Amino acid sequence: MKTVVVGMSGGVDSSVAALLLKEQGYNVIGLFMLNWEENDASGACTADSDYADVRRVCSLLDIPYFSVNFAKEYSERVFRHFLDEYAAGRTPNPDVLCNREIKFGPFREYALSLGADYIATGHYCGIDHNADGRHYLLKAADGGKDQTYFLNQVTQPQLENVLFPLADLPKEEVRRIAVGRGLATAQKKDSTGICFIGERNFRKFLMEYLPAQSGKILTLDGEEVGEHVGLMHYTIGQRRGVNIGGKSGESGRWFVVKKDLANNILYVSHGDESPLYSKSCLVTGLNWIGIDPPKSPFECTAKLRYRQSEQRVTVMPTEDGADVIFADRQRAVTEGQYAVFYDEARCLGGGVIDKVIY
RNA sequence: UGGGGUGUCGCCAAGCGGUAAGGCACGGGAUUUUGAUUCCCGCAUUCGUAGGUUCAAAUCCUGCCACCCCAG
């Protein structure tokens, strides 16, 4: 009997993943991972209730479970970079790094050290361990939940021995299974927010780690229209939170269109969103999944932000990355986010958006 | 100080005698394993202020106050 270690977060998805593997005849072990240590007002660790759910589910499934602490690794390999990016005025995506640096890194190694033949997660995506020796990352059947965007940085060695039990299941089906089997996590609300840090007042959270410097908000014409609370608190394309009211004679909304770190100025546009549209971007830190690094230009589809529909692009490899030319101008492409490439059902990998060309 | 104009929600802004539109902002929610975007809901018993006319006023009249513009 093959042994598989399932990364369990205490949510429905990983619970059902464990359940399915158990039904498929694997020797299943649940592994809960603590990546962020913080106590709430009453002194209780905020991850305790999640681990409690993991225990309930594992008990019901009659499988052993363990807990590991990767808080130190998370802090050094994900969170630090996250803060550096904000300090640089960019908009990082820590969850992409969390997968490469933690879940498919130390976590995977630890799981295998337990004697596992496979490791599995509750990600909505699929994998094809092809006879050609390559591991192809596939989009989830449930397009609305597909999470390959967050896995664009995982490497071939990291994908070895990996199973994604939820590949073909719509979210509703996962819920249905959980309810049908009486899993404690069946009705649990989907988690959102930065994984392992969770939902919280983002501004206050960031301010605990980075100094904020307020400054002027200007229009592209140079008119002063307000004051910002620190450039790190804004992202390109953002509307809410800018705190600027009506403008004489016009009824549009204000959008963040540019950040000038050197002068600590936030630029906004009223009504007109055209300044947000760009024609290409430079991507670095490329990781290719299941294909050799391209040497010549090719066309494919790409997501420039999670939950965006795929867009047609041309990828032109360069010395240290690629120029990605958009077939149609794209709105609010943001430095620090990832450009993730697709070829039909396959996710080809991706890289960090380093510079946007308007 | 003369002459003119304006004062309606934090910001724009309708209304012009019949019992306070709308937009933005803001708050809440839905969606979402990245602060967004998008969507839904909420948001002035009150119209600078004090009186008066009227069945009825933010809308008419009068005093006062504030601000703006032109004169000087």
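This structure is a prediction, so every number in the text was calculated from the model and none was measured. Naming: A, B, ... by sequence-line order, numbering from 1 per chain.
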Could you tell me how far apart [X] ([atom1]) and [N] ([atom2]) are, to the nearest whole angstrom?
| X | N | atom1 | atom2 | answer |
| --- | --- | --- | --- | --- |
| Gln238(A) | rA36(B) | CD | C1' | 6 Å |
| His270(A) | rA13(B) | NE2 | P | 12 Å |
| Asp146(A) | rU32(B) | CG | P | 14 Å |
| Glu223(A) | rC11(B) | CD | C1' | 13 Å |
| Arg253(A) | rU37(B) | CZ | C1' | 10 Å |
| Arg305(A) | rU32(B) | CZ | C1' | 12 Å |
| Gln147(A) | rU34(B) | CD | C1' | 13 Å |
| Asp190(A) | rU31(B) | CG | C1' | 10 Å |

Only pairs with both distances under 3.5 Å count, Watson-Crick or wobble alike; so what is the partner of [N] in this structure?
| N | value |
| --- | --- |
| rA71(B) | rU1(B) |
| rG22(B) | rC12(B) |
| rG7(B) | rC65(B) |

Closest heavy-atom contact between Gly126(A) and Ala167(A)?
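In terms of heavy atoms, the two residues are closest at CA-CB, 3.6 Å.
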Residue pair Tyr65(A) / Cys58(A): nearest heavy atoms and the distance that separates them:
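Smallest heavy-atom distance, with atoms named: CD2-CB, 3.4 Å.
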Any [X] side-chain N or O less than 4.0 Å from OP1/OP2 of [N]:
| X | N | answer |
| --- | --- | --- |
| Arg239(A) | rC24(B) | no |
| Lys247(A) | rG23(B) | no |
| Arg307(A) | rU32(B) | no |

For the [atom1] atoms, the ones on [N] and on [M], what distance do you get once it is rounded to whole angstrom?
| N | M | atom1 | result |
| --- | --- | --- | --- |
| rG5(B) | rA44(B) | P | 33 Å |
| rG17(B) | rG72(B) | C1' | 41 Å |
| rU31(B) | rC67(B) | C1' | 46 Å |
| rA57(B) | rA50(B) | P | 15 Å |
| rC11(B) | rC26(B) | C1' | 11 Å |
| rU45(B) | rU8(B) | C1' | 15 Å |

I'd like to know if [X] pairs up with [Y] as an ion pair, taking the criterion as any Lys NZ or Arg NE/NH1/NH2 lying under 4.0 Å from an Asp or Glu carboxylate oxygen.
| X | Y | value |
| --- | --- | --- |
| Lys145(A) | Glu172(A) | no |
| Asp146(A) | Arg307(A) | no |
| Asp84(A) | Arg90(A) | no |

Tell me, which of residues 330-342 of chain A have any heavy atom that sits under 4.0 Å from an atom in RNA chain B?
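Within this stretch, Arg331(A), Gln337(A) sit under 4.0 Å of the strand.
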Which pairs would a plain distance check flag for residues 336-350 of chain A, meaning a side-chain donor or acceptor within less than 3.5 Å of a matching protein atom at least two apart in sequence or in another chain?
{"from": "Gln337(A)", "atom 1": "NE2", "to": "Thr91(A)", "atom 2": "O", "distance (Å)": "2.8"}
{"from": "Gln337(A)", "atom 1": "NE2", "to": "Pro92(A)", "atom 2": "O", "distance (Å)": "3.4"}
{"from": "Tyr342(A)", "atom 1": "OH", "to": "Thr148(A)", "atom 2": "OG1", "distance (Å)": "2.8"}

Start at the 5' end of RNA chain B and walk down; is the nucleotide closest to Asn243(A) or to Gly144(A) reached first?
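First, find each residue's nearest nucleotide; the 5'-ward one identifies Asn243(A).
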Would you check, one step at a time, whether the test ring pair (Phe, Tyr, Trp, His ring centres under 6.0 Å) holds for Phe79(A) with Tyr209(A)?
CA-CA 11 Å; Phe79(A) 196 62; Tyr209(A) 297 91; 5.0 Å; yes
Can you find a donor-acceptor N/O pair under 3.5 angstrom joining the side chain of Lys103(A) to the base of rU33(B)?
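It does, because a donor-acceptor pair links the side chain of Lys103(A) to the base of rU33(B) below 3.5 Å.
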Gap separating the OH atom of Tyr51(A) from the OG atom of Ser9(A), nearest 0.5 angstrom
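Atom-to-atom, Tyr51(A):OH and Ser9(A):OG are 13.5 Å apart.
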